There are 2 protein chains.
Amino acid sequence: MNIKQLSPDVSETQFKQQIFFALSDPGRYKIVQMLYDVGHEMGCGELNQHVEIDKSTMSYHLRTLREAGITTTRTQGREKYVTLNVAKIEAELPGLLENL
Amino acid sequence: MNIKQLSPDVSETQFKQQIFFALSDPGRYKIVQMLYDVGHEMGCGELNQHVEIDKSTMSYHLRTLREAGITTTRTQGREKYVTLNVAKIEAELPGLLENL
DNA sequence: ATAATTGTTTGATATATATAAAACTATAAA
DNA sequence: TTTATAGTTTTATATATATCAAACAATTAT
């Protein structure tokens, strides 16, 4: 039994709770699911084609995910590409993503 | 590849999202964690000793969990006992509980 | 019967959240 | 340089959520 099981770090628990919060919303759930399924980064516009929500709402959800450390964003020209931080999520909640 | 992976049932996704919602709150997170760790039903009062929140707030959270199908409640006399529906949760999100 | 207990419900309240329109920023195209 | 595109931020709004005090219901103890 490792130390993590005896007393999980507050920030670890916090990250888990942020993941749970993110996945409790249908829009964000679809975004995360989509990103995981395609297995690579996606442009915001591309994402928007698959998850039909207003662009400002999409931006709001993407910011939530980004600020929680669940995704990472890369800018190229005027487009932005979103990546799901799979390894980071798997480190805390192994097997979660594949069961969405 | 089974049918579930191709098109997960709406209600399954809904149940998952309810679990995520439940776990996004610190109080409910602790309740679920405690119930999982002890491995058997707990009295509400007993739970309240371990998770320090107002009794009415506790009741509110327990109702949320119960109505989401995450827990089951049994009444005996004037006391109530709460059980975590481990099998049901594991069926949708295997490995989740052990990683809280 | 009266009092103590166990837990729920109601009411009030403060805060958080999701949504979308409109204005805005930055880059690329014409 | 003007226009179009991609995405963000602001503003407004409606709804959801968490919290606790107080009243309540039900059971058990005195």
Side-chain angles (χ1 to χ4, degrees), chain A residues 10 13-35 38 40-84, chain B residues 10 13-35 38 40-84:
Chain A
V10 176
T13 301
Q14 225 163 4
F15 182 53
K16 287 175 196 173
Q17 286 181 4
Q18 284 176 308
I19 294 172
F20 294 141
F21 175 74
L23 294 173
S24 71
D25 177 82
R28 286 189 300 259
Y29 185 98
K30 282 173 201 146
I31 291 171
V32 170
Q33 194 178 38
M34 175 69 56
L35 287 170
V38 302
H40 51 71
E41 68 177 10
M42 288 183 83
C44 290
E46 193 186 355
L47 252 173
N48 227 331
Q49 291 179 322
H50 294 276
V51 184
E52 72 317 287
I53 48 184
D54 189 274
K55 65 171 182 171
S56 65
T57 299
M58 171 64 86
S59 186
Y60 165 74
H61 285 315
L62 288 179
R63 181 152 61 93
T64 299
L65 293 173
R66 191 183 342 113
E67 290 179 350
I70 293 168
T71 58
T72 301
T73 295
R74 176 177 72 85
T75 304
Q76 188 178 40
R78 66 182 163 188
E79 298 191 38
K80 296 198 173 179
Y81 296 89
V82 183
T83 308
L84 185 66
Chain B
V10 176
T13 300
Q14 225 163 1
F15 182 52
K16 288 175 195 173
Q17 287 183 2
Q18 284 176 309
I19 293 172
F20 295 141
F21 175 75
L23 295 173
S24 70
D25 177 82
R28 285 189 301 257
Y29 185 97
K30 283 173 201 147
I31 292 171
V32 170
Q33 194 178 39
M34 175 69 56
L35 286 170
V38 302
H40 51 72
E41 69 177 9
M42 287 181 81
C44 290
E46 193 186 355
L47 252 173
N48 228 331
Q49 291 178 322
H50 294 275
V51 184
E52 75 314 289
I53 49 183
D54 190 275
K55 64 170 185 172
S56 63
T57 299
M58 171 64 86
S59 187
Y60 165 74
H61 285 314
L62 288 178
R63 181 152 60 93
T64 298
L65 293 172
R66 191 182 341 114
E67 289 179 350
I70 292 168
T71 58
T72 301
T73 294
R74 176 176 73 86
T75 303
Q76 187 178 38
R78 65 182 163 189
E79 298 192 38
K80 295 198 174 180
Y81 296 89
V82 184
T83 308
L84 185 65

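In what follows, chains carry the letters A, B, and so on, assigned in the order in which the sequence lines appear, proteins first and then strands, with residues in each chain numbered from 1. Note that the structure is a prediction, hence the values are computed from the model and not measured.
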Chemist: Do you know the tightest heavy-atom contact between M58(A) and I31(A)?
Modeler: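 What the structure gives for the nearest pair is SD-CD1, 3.6 Å.
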
Chemist: Quick one: do L62(B) and T73(B) satisfy side chain to side chain contact (heavy atoms under 4.5 Å, CB included)? Show the steps, please.
Modeler: CA-CA 9 Å; L62(B) 288 178; T73(B) 294; over 6 Å; no

Chemist: Over how many whole Å does the gap from K80(B) atom NZ to dT27(D) atom P extend?
Modeler: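 Interatomic distance, NZ of K80(B) to P of dT27(D): 10 Å.
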
Chemist: A side-chain contact here means heavy atoms from C-beta on lying under 4.5 Å apart; do R28(A) and L65(A) qualify?
Modeler: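 Yes. Closest side-chain heavy atoms under 4.5 Å.
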
Chemist: Looking at every non-hydrogen atom in both residues, tell me the closest pair between Q18(A) and I70(A) and how far apart they are.
Modeler: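 Closest pair (atom of Q18(A), atom of I70(A), distance): O-CD1, 3.8 Å.
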
Chemist: Strictly below 4.0 Å, heavy-atom distances to any atom of DNA chain D: list the hits from residues 42-55 of chain A, or just say none.
Modeler: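 The answer is C44(A), G45(A), K55(A).
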
Chemist: Which whole-number value in Å describes the distance from L62(A) CG to dT9(D) P?
Modeler: 11 Å

Chemist: Considering heavy-atom distances to DNA chain D, does R63(A) or R78(A) have its closest nucleotide positioned more toward the 5' end?
Modeler: R78(A)

Chemist: Would you indicate whether the side-chain heavy atoms of V38(B) and H50(B) approach each other to under 4.5 Å?
Modeler: no

Chemist: Could you list by number each residue of residues 18-35 of chain B showing a heavy-atom separation from DNA chain D of less than 4.0 Å, or answer none if no residue does?
Modeler: F21(B), D25(B), R28(B)

Chemist: Closest heavy-atom contact between M34(B) and L47(B)?
Modeler: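 Taking every non-hydrogen atom into account, CG-CD2, 3.9 Å.
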
Chemist: OP1 or OP2 of dT19(D) less than 4.0 angstrom from a side-chain nitrogen or oxygen of H61(B), does that happen here?
Modeler: yes

Chemist: At under 4.0 Å, does any side-chain N or O of R66(A) touch on OP1 or OP2 of dT8(D)?
Modeler: yes

Chemist: More 5' along DNA chain C: T57(A) or G77(A), using each one's nearest nucleotide?
Modeler: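 First, find each residue's nearest nucleotide; the 5'-ward one identifies T57(A).
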
Chemist: If you walk 5' to 3' along DNA chain C, what is the first nucleotide with an atom under 4.0 Å of a heavy atom in chain B, and what is the last?
Modeler: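 Under 4.0 Å from chain B, the extent on DNA chain C is dA4(C) to dT9(C).
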
